Amino acid sequence: MSTWSPRSWRGLPIRQQPEYEDPLAVGAVLQQVSALPPLVHAGEVLALRSQLAEAGLGRRFVLQGGDCAERFQDLNAEAIESKLKILLQMSVVLTWGAQTPVVRVARMAGQFAKPRSRATEQVDGQDVLTYRGDHINGHAPDQRRADPQRMLRAYFHSSTTLNYARALLDGGFADLHAPEHWNLDFVRQPERREQYTQMLARLREAVGFMEAVGGRQETLRSVDLYTSHEGLLLPYEEALTRRVGSRWFNLGAHMLWIGDRTRALGGAHLEYFRGIANPIGVKVGPTMQPDELIALLELLDPEDEPGRVTLITRYGAGRVSELLPGHIAAVRSTGRSVTWSCDPMHGNTHSTPGGLKTRDFEAIRAELRGAFDAHRQAGSVLGGVHFELTGEDVTECIGGPQGLSAEDLSRSYETFCDPRLNYAQSLEVAFLIARRLQADRGRS
Ligand code: PEP
Ligand code: CO
């Protein structure tokens with residue numbers, strides 16, 4: 001195999017990239033980004049990698065989540081606080097269900113570039129370039145030209161977000177098991193509310209006990225939070241790739257994943273990803289062939305290193321039972337260790353008659369159930385979950401504890417890309433997963 005360098009992807013077939021009008025301006029921006037300090041430390045990246053390896057064995061559980069696409073306009077304290085709050089609260093619930101520490105990986109501080117199914121779209125009867133995320137162009141129809149300066153802005157937005165997130169966690173914001181931080185008002189059914197209240201009470205007792213014996217760090221008060229984004233815009237990712245010792249790391253995030261649309265064998269994205277030492281995610285959708293999956297693992301993880309690859313499956317509720325067993329069997333036939341995660345969002349998107357993209361809470365729930373079932377039947381471990389979610393009370397996905405209907409969506413539809421679970425839907429899904437994890441433990 002030819003030698004790898006941070007730029008060896010250049011010249012290979014590449015998908016989902018913007019066309020910049022001024023290559024010199026792009027070069028100048030990339031030079032600036034590559035001179036800026038890393039956003040994360042290689043030691044943290046390696047810590048995450050070993051935690052993901054443990055999740056692959058069922059000794060931890062991964063919660064990865066956040067916006068589909070972060071927006072520059074949301075860079076403010078409240079938005080960062082509410083994202084952290086929902087992730088931490090969900091992780092507390094999952095810790096209780098899994099009885100293992102939860103690894104929190106935010107889609108945050110860099111999730112600004114999106115793959116799109118079409119190059120252009122119609123806005124008010126006009127053909128305009130599609131919005132590819134704030135990393136590349138603006139959402140307003142007159143801002144759709146790809147602007148290289150946005151790569152520099154994305155770097156500074158990421159660093160500011162990460163700085164405030166770290167400050168919150170260091171400052172004790174992680175005390176979210178305290179009763180005043182929880183809002184269960186959304187749970188309308190009295191028995192369900194009673195059940196959750198009891199769960200939280202037991203959780204608090206457990207926390208109190210662990211604090212009393214001084215062993216709390218690892219399970220509930222640990223302030224570890226890792227960042228992740230789709231490694232889509234390769235010129236930018238290359239500029240954040242740094243040599244540490246004998247290895248290369250992408251130090252713009254702890255974990256990066258390859259999207260379902262850019263994982264082609266022989267393509268630029270796989271070439272870039274094979275050379276970085278970060279833990280990497282691979283989205284696995286319905287078109288992935290089992291032999292292709294094996295080839296991909298051999299390329300990305302030739303040494304079969306635990307924690308290196310997390311396979312994030314996203315088939316859709318109707319197809320998970322048909323497709324996941326074959327992928328589990330393919331990986332098993334190689335004797336390799338991977339960490340499995342379920343993304344019940346990206347295979348379950350549809351549009352309402354009014355033209356809004358949405359997802360049905362029941363479909364999300366069904367794909368999760370299908371993934372848990374398939375792994376259980378195969379004697380394999382589902383080590384984590386991957387969501388698009390927000391701590392705000394938005395109306396983007398239908399169903400869930402508030403019973404949102406298609407007509408409700410226009411009330412608070414904020415996302416520029418995919419629909420996210422809101423606070424109530426996110427907490428509900430965490431309780432459902434916790435109950436399933438608990439039930440599976442009881443069965444084994
Ligand atoms: C995403 O996670 O935002 C995404 C685009 O997912 P996928 O590559 O699985 O479609
Ligand atoms: Co998305």
Side-chain angles (χ1 to χ4, degrees), residues 14-18 62-71 74 83 87 105-119 130-136 139 154 227-234 237 253 255-264 267-270 272-273 279-288 292-293 296 300 309-317 319-320 323-324 327 340-351 356-360 363-364 367-368 371 384-390 394 396-397 413-422 425-426:
I14 188 161
R15 297 191 181 157
Q16 297 284 345
Q17 302 300 294
V62 184
L63 170 64
Q64 188 171 19
D67 294 324
C68 177
E70 290 173 274
R71 308 188 299 188
D74 296 326
K83 277 182 207 172
L87 279 177
V105 187
R107 289 176 64 116
M108 194 174 174
Q111 174 55 17
F112 291 114
K114 300 305 300 172
R116 303 315 304 257
S117 41
R118 277 183 289 275
T130 35
Y131 171 64
R132 292 182 174 273
D134 280 3
H135 220 137
I136 292 158
H139 190 256
T227 60
S228 67
H229 62 259
E230 177 171 349
L232 182 70
L233 187 59
L234 290 188
E237 302 304 344
M255 177 182 187
L256 288 102
W257 75 87
I258 313 178
D260 197 41
R261 283 169 262 198
T262 47
R263 56 169 172 71
H269 285 84
L270 281 192
Y272 172 74
F273 271 83
I280 60 194
V282 180
K283 291 293 199 88
V284 177
T287 59
M288 176 77 91
E292 189 186 3
L293 179 56
L296 215 135
L300 292 174
V309 175
T310 298
L311 295 178
I312 307 167
T313 62
R314 31 84 84 225
Y315 309 106
R319 303 206 63 190
V320 56
L323 296 167
L324 179 53
H327 287 153
W340 292 97
S341 176
C342 170
D343 164 1
M345 311 299 287
H346 286 89
N348 293 306
T349 316
H350 67 273
S351 290
L356 288 175
K357 259 180 156 189
T358 192
R359 291 163 172 152
D360 186 336
I364 292 165
E367 179 151 3
L368 281 167
V385 284
H386 183 119
F387 290 104
E388 289 184 340
L389 54 80
T390 169
V394 298
E396 297 171 7
C397 292
Y413 194 95
E414 285 285 319
T415 184
F416 284 167
C417 289
D418 289 341
R420 303 159 297 173
L421 297 175
N422 65 19
Q425 291 167 331
S426 300

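Keep in mind that what you see is a predicted model, and the values were worked out from it rather than measured. Order of listing sets the numbers, starting from 1, for every ligand and every atom in it.
Counting atoms of ligand 1 from 1 in the listed order, those under 4.0 Å from a heavy atom of Gly259 are 8 (O). Listed by number with element, the atoms of ligand 1 under 4.0 Å from a non-hydrogen atom of Arg107 are 1 (C), 2 (O), 3 (O). Listed by number with element, the atoms of ligand 1 under 4.0 Å from a non-hydrogen atom of Arg314 are 7 (P), 9 (O), 10 (O). The contact set between ligand 1 and Trp257, taken as ligand atoms under 4.0 Å from a residue heavy atom, comprises 2 (O).
In terms of distance to the Co ion (ligand 2), the nearest N, O or S atom of Asp418 is named OD2. Closest N/O/S atom of Glu388 to the Co ion (ligand 2): OE2.
Taking a 4.0 Å cut-off on heavy atoms, Pro115 registers as neighbouring ligand 1.
The nearest protein atom to atom 1 (C) of ligand 1, hydrogens excluded, is given as His346 NE2, 3.0 Å; this is a heavy-atom distance. Atom 6 (O) of ligand 1 has its closest protein heavy atom at Lys283 NZ, 2.8 Å. Protein heavy atom nearest atom 8 (O) of ligand 1, with residue, atom name and distance: Asp260 N, 2.8 Å.
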Test side-chain contact (heavy atoms from CB on, under 4.5 Å) on Val320 and Thr313; report intermediate values, then the result.
CA-CA 9 Å; Val320 56; Thr313 62; 5.7 Å; no

List the steps and the verdict of side-chain contact (heavy atoms from CB on, under 4.5 Å) for Phe387 and Leu368.
CA-CA 11 Å; Phe387 290 104; Leu368 281 167; 4.0 Å; yes

Given Gln64 and Ser228, is the side-chain hydrogen bond (donor to acceptor under 3.5 Å, both in side chains) satisfied, shown in steps?
CA-CA 8 Å; Gln64 188 171 19; Ser228 67; 3.0 Å; yes

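Salt bridge Arg420/Glu414: absent, no basic N to carboxylate O contact under 4.0 Å. Contact check on Asp418 versus Lys114 returns no salt bridge, with no Lys/Arg side-chain nitrogen under 4.0 Å from an Asp/Glu carboxylate oxygen.
By the salt bridge (Lys or Arg N to Asp or Glu O under 4.0 Å) test, Asp360 is found to be paired with no residue, residues two or more places apart in sequence or in another chain being considered.
Ring planes of Trp257 and His386: perpendicular class, angle over 60° (limits at 30 and 60°).
A donor-acceptor contact closer than 3.5 angstrom links the side chains of Glu237 and His229.
The NE2 atom of His346 and the SG atom of Cys68 subtend an angle of 170° at the Co ion (ligand 2), given to the nearest 10 degrees.
Here atom 3 (O) of ligand 1 lies nearest to Lys114 when heavy atoms of Gln111, Lys114, Glu230 are compared.
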